[in-house]
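To find a chain, count down the sequence lines: A is the first, B the second, and so on, and within it residues start at 1.
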There are 2 protein chains.
Amino acid sequence: MIVYGLSVIEFRDNAYVWVQVRDVLKTRIIEGTYRPGQVVPSESTLVQEFGVARNTIRKAVKALREEGLITTVPHLGSFVSENLPNG
Amino acid sequence: MIVYGLSVIEFRDNAYVWVQVRDVLKTRIIEGTYRPGQVVPSESTLVQEFGVARNTIRKAVKALREEGLITTVPHLGSFVSENLPNG
DNA sequence: ACCCATTTGTGCGTATGTATA
DNA sequence: TTATACATACGCACAAATGGG
């Protein structure tokens, strides 16, 4: 279970936290909450929002990066890819 | 057997992985690949290089530390001792 | 030129869980 | 039961680059 914002989200207890975070972020990208070209919330923001460790956020973000969903620019942030991969 | 870099190193299958890693690192220190006062590759670097878990790297590094071959400074890294012990 | 907050990158310390022998 | 070895997940600290003022 992960608490963030003002809501409480129930997660599958059997899934790894970083996988759950990754899936939430992926859904936000696919559904357009985070739009192509726009910046993804910073690590510290996501840490506060999801209430998990920064390493865990970084692992989720890394996975999105390797899937081609986002591009990370050091010291600037991560941005949603303009051309989202199929899938 | 541990693969790292471009080479493939055959290890004794009967020896523990952390002992094998420790011995490789020790050899590098004794032979001067890692020189006194200089920093030893980070845990994550060694994880990638040896292809083993971080815990295993840490166990090998801890052994070197207890042998006086290196000194570890939290958040900075491990450094080869200036005065290497005999043996 | 300077400060300063933000952000990612990196590093070690620690605890826990799972599987295996 | 114990030790090994994998991965996950928390914390904490510092560096380096960016951008605003």
Residue set satisfying side chain to side chain donor-acceptor pair (under 3.5 Å) with Gln38(A), at least two apart, ordered chain then number -> none
Side chain to side chain donor-acceptor pair (under 3.5 Å) against Thr72(B), all qualifying residues, sequence neighbours excluded: Arg65(B), Ser78(B)
If you define the side chain from C-beta out and look only at heavy atoms, does anything of Leu46(A) sit under 4.5 Å from Leu25(A)? yes
Heavy-atom check, side chain of Arg22(A) versus side chain of Leu64(A), under 4.5 Å: yes
Salt bridge (Lys or Arg N to Asp or Glu O under 4.0 Å) pairs touching residues 67-87 of chain B, sequence neighbours excluded, are Lys26(B)-Glu67(B)
Locate the shortest heavy-atom distance separating Val40(A) from Val80(A); write the atom from each residue and the value. CG2-CG2, 3.9 Å
Of all heavy-atom pairs between Ser81(B) and Gly68(B), which one has the smallest distance, and what is that distance? OG-O, 2.7 Å
Heteroatom pairs (N/O) under 3.5 angstrom, protein to nucleotides 17-21 of chain D:
residue	atom	partner	partner atom	Å
dA17(D)	O4'	His75(A)	ND1	2.7
dA17(D)	O4'	His75(A)	NE2	3.2

Holding to side chain to side chain contact (heavy atoms under 4.5 Å, CB included), I want the full list of residues that pass it with Thr45(A), two or more places apart in sequence or in another chain. Pro41(A), Ser42(A)
Got a sec, which residues hit side chain to side chain contact (heavy atoms under 4.5 Å, CB included) with Val39(A), two or more places apart in sequence or on another chain? Phe79(A)
Nearest-0.5 Å distance that lies between atom CH2 in Trp18(A) and atom CG in Asp23(A): 8.5 Å
For residues 53-60 of chain A, dump all side-chain donor-acceptor pairs below 3.5 Å to protein atoms at least two apart in sequence or in another chain.
residue	atom	partner	partner atom	Å
Arg54(A)	NE	Glu43(A)	OE1	2.6
Arg54(A)	NH2	Glu43(A)	OE1	3.0
Arg58(A)	NH1	Glu43(A)	OE2	2.6

Does one hydrophobic cluster hold both Ile30(A) and Tyr34(A), with members joined at side-chain heavy-atom distances below 4.5 Å? no
If the sugar-phosphate is the primed atoms plus P, OP1 and OP2 and the base is the rest, what is the B/S/- string for nucleotides 2-9 of chain D, using protein heavy atoms under 4.0 Å? --SSBBSB
Leading and trailing nucleotides of DNA chain C with any atom under 4.0 Å from heavy atoms of chain A: dT7(C) to dT10(C)
To the nearest 10 degrees, the angle between the two end axes of the helix from dC2(C)-dG21(D) to dA21(C)-dT2(D) (five pairs per end) comes to 0°
